[in-house]
There are 2 protein chains.
Amino acid sequence: MKLAQKGLSIEGIQGHNRRAILAALHDMGECSRKEISVATGLDQATVTRAIAPLIDNGIVEEVGLVRGGRGRRSINLAFVGSGRYILCLRLQRRSFSIAAFNLRGDLLETNEFPIARDGSAKQTFKEISEILDRQIGNLKQVDGIGVAVPGPFLERDERVILMTESPQWQGFDLIPELRSRYPDIPVHSTHDAKAAALTEWRHHGRALGAKVMLYVSAGQGIGSALVVDGHVHRGAQGLAGELGHTSISVDGEQCKCGNRGCLELFTSRIALLRAIRERAGDVSGTTLTSDANFSQVLDAYAAEDRLASEEVHRVARYLAQGITNCINFVNPDLVVIGDEYAGFGQNFLEQIKTHVRATVLPSIYDAVDIELSQQSEDTVLRGAFLDVLAQTYLGSPRAEPEAVVAEASG
Amino acid sequence: MKLAQKGLSIEGIQGHNRRAILAALHDMGECSRKEISVATGLDQATVTRAIAPLIDNGIVEEVGLVRGGRGRRSINLAFVGSGRYILCLRLQRRSFSIAAFNLRGDLLETNEFPIARDGSAKQTFKEISEILDRQIGNLKQVDGIGVAVPGPFLERDERVILMTESPQWQGFDLIPELRSRYPDIPVHSTHDAKAAALTEWRHHGRALGAKVMLYVSAGQGIGSALVVDGHVHRGAQGLAGELGHTSISVDGEQCKCGNRGCLELFTSRIALLRAIRERAGDVSGTTLTSDANFSQVLDAYAAEDRLASEEVHRVARYLAQGITNCINFVNPDLVVIGDEYAGFGQNFLEQIKTHVRATVLPSIYDAVDIELSQQSEDTVLRGAFLDVLAQTYLGSPRAEPEAVVAEASG
DNA sequence: CACAGTTGATTGCAGGTCGCAAGCAAAACT
DNA sequence: AGTTTTGCTTGCGACCTGCAATCAACTGTG
């Protein structure tokens, strides 16, 4: 049967509980056995017994005593800080980045490397794998490699489709190539917006108790990812989240994707720059010229330049329409706007919120937070890390074990 | 901690496995202990031992021997056919229906009752509860009541919002009222499109192995529901699926919901009828008049009436745009179109598919089936039944226990 | 027609995990 | 210094599962 639920053997229960314990440890960061016991509902004794082999195997370690309480000090636990690592690769259009994390999630090292514009995929792959080789040599024990890929990314087949900006990758199967080069290391792949969303959820949404979080990645492209109860919605082929190719205008301009009036045509960086460049000469009171680039627009917007304001606010309105559509369709309680456009700041956010408020029913609007991402350079890389960690140590492949309430038997 | 996963005690494991077994029995319908053993991965002995108390408690029964095989005949099991029942109420704008199901999912009785147009909610509630009282009296053991409600339905608060067609319900809290009238019977509520989607998934999508199914309820309103791995996506407030209030035209007409260019303004039954009525006098070669009703349009469309064809096909195009947006956003592998518009038949479907094919990337289009619902009168009621059954017997509240793979301990 | 062969259901047994409760450890308070 | 408090650990009993043997019921065959 297709979707039959597996029963749980007496042996499986131990693994199940071990995963629950590790997930709790990951959720809470550094914490004591007692805290894990409370969080999981398991007996303290059970936690003690489960932790022991994890310490033996060098997955978890004791990181010191906690002072302050009344009685005995509790011993804080954490994932090991050294000895086991996860490498992450982020592929972008013009560059790639490689980062090393320990199991705790500390970013140990990150480097960005340019991709030669005329270089072949094969050449780039060679550069990537040389760096990975070196890292693996240094770190000794690498438990997994996480890869974040841009654009419409067929996760199911692990192929990138429609990567118009970098046609050289077309036909080069990065993930299988990595797998065959590192047969002993699990290689996991994700779409970069999904990775960023996972990070955003872990470091922000989770604390807010968001059940459904929509992450909107707005910049060069318009992507999105939906996080439901801590799980990224991937879609049947892993292609979910192509918000940019959602139409807000049935009779609009034809897009390369086949659709008409795609959100991306209104709001992508290219669209924004084109509009600004076209009007630069005709508008008075602007510092922007007909060859303005994005960082100039960011600055101009911050300086309340007239042209920048008008065009960025136009983008805000369209983006808000896309967000409204999502809100009505999937009913999130948190919307986070990330990627380059997060740089436009609070004023930009307020524009979006104003438009969303105007187009969404009050009882829905009141229940959804809309925020800017506090993103950093490593948001996507960290998402790739979280993906690998979840699949390696917490829960079953791409799906954590969910809460199962212990109950008295009937 | 908010979302900590619960560990599983030695007692809990029995409950967990019992739910897995019941879920398997429900999935496969009538089947033997052996088949359940294979489906769940549990030992035959464990299945035997788990089934025994279920038979004692009158939840499962043996329904006869299966002949045909080589060796001993297997004994088929099924949920009991009598003795325990689930009542379902479907609330519509002008009527309500009440149905009785046995645990096996057989529809024992269903009745529809009109709602007086000028009647108060209180009056209607009185009628509803009188009928429920009678049913409960007859059936003796009622394990749950499932309620399916139309329109934007705040599941979290169990309130209907924006029920413009039937303002009398505004401010009347149906579900709490039912709960307090039947304190011993669990009352569960759902949005009707979600209920229909669940039925569609159980009776069709599951067999196709669909991982992400989009159900589009097109008729008086345009609703939708997303089923991911057999679970309905409800959204933070349970409001997910308002596809009808998704915009396909940023600068379009203002909708009552606050948004502009809502899909519903283009495609709802009201919109379709209005367009047809307006043009009825001016178009030659049509049998439709300026007071045509929906069933006349259905007939005219089937008879290839010119006006009906034009307008229905226009609707198809807009609906296709909405579906394309969904496909790009959530990447389903199955789209099912239900409710009244399913009555337009294959020709209508082909129109939609043509438009979707034109607007979606080929590698995505090729991976998604678009079909009409084979719906019947009881689709929604049955969905309410499935909802109650799942929450009562299979899995934890609103989330079935997922596959947990037994593994050798490390 | 009896007997081997096959397959499903049941039962006895051994292994293993968990919770409870008692015991141990290490701090603060008095 | 002794008591109290709190967290970690260990001993014990209960319980569930899997394995394997057994029972049950049917088919096929010489």
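Please read all numbers here as calculations on a predicted model, not as lab measurements. Chain letters run A, B, ... following the sequence lines, proteins first and then strands; every chain starts at 1.
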Not counting sequence neighbours, which residues clear salt bridge (charged side-chain N to carboxylate O under 4.0 Å, His left out) with A:Arg84? List them please. A:Asp143
Side chains of A:Phe79 and A:Leu22, heavy atoms from C-beta outward: is any pair under 4.5 Å?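 Answer yes - side chains close enough.
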With a 4.5 Å limit on heavy-atom distance, are the side chains of A:Lys211 and A:Asp229 in contact? yes
A:Asn17 side chain near C:dT17 phosphate (N/O to OP1/OP2, under 4.0 Å): no
Give the rounded distance in Å between these two atoms: [atom1] of [X] and [atom2] of [N].
{"X": "A:Gln14", "N": "D:dT17", "atom1": "CD", "atom2": "P", "value": "16 Å"}
{"X": "A:Arg70", "N": "C:dA26", "atom1": "CZ", "atom2": "C1'", "value": "15 Å"}
{"X": "B:Arg18", "N": "D:dC16", "atom1": "CZ", "atom2": "P", "value": "11 Å"}
{"X": "B:Leu65", "N": "D:dT27", "atom1": "CG", "atom2": "C1'", "value": "15 Å"}
{"X": "A:Ile13", "N": "C:dG15", "atom1": "CD1", "atom2": "C1'", "value": "14 Å"}
{"X": "B:His16", "N": "C:dC18", "atom1": "NE2", "atom2": "C1'", "value": "16 Å"}

Contacts of B:Asp106 that satisfy side-chain hydrogen bond (donor to acceptor under 3.5 Å, both in side chains) - sequence neighbours left out: B:Asn102
Would you mind telling me which of D:dC16, D:dG18, C:dG19 lies closest to the side-chain atoms of A:Leu42? C:dG19
When rounded to the nearest 0.5 Å, the distance separating CG of A:Leu208 from CE of A:Met213 is 10.0 Å
Spacing of CZ belonging to B:Arg19 relative to OG1 belonging to B:Thr392, to within rounding of 0.5 Å: 12.0 Å
Give each protein N/O atom lying under 3.5 Å from an N/O atom of nucleotides 7-11 of chain D, with the pair distance.
| residue | atom | partner | partner atom | Å |
| --- | --- | --- | --- | --- |
| D:dG7 | OP2 | A:Lys34 | NZ | 2.8 |
| D:dG7 | N2 | A:Arg72 | NH1 | 2.5 |
| D:dG7 | N3 | A:Arg72 | NH1 | 3.3 |
| D:dC8 | OP1 | A:Ile75 | N | 3.4 |
| D:dC8 | OP2 | A:Lys34 | N | 2.8 |
| D:dC8 | O4' | A:Arg72 | NH1 | 3.2 |
| D:dT9 | OP2 | A:Arg33 | NE | 3.0 |
| D:dT9 | OP2 | A:Thr48 | OG1 | 3.4 |

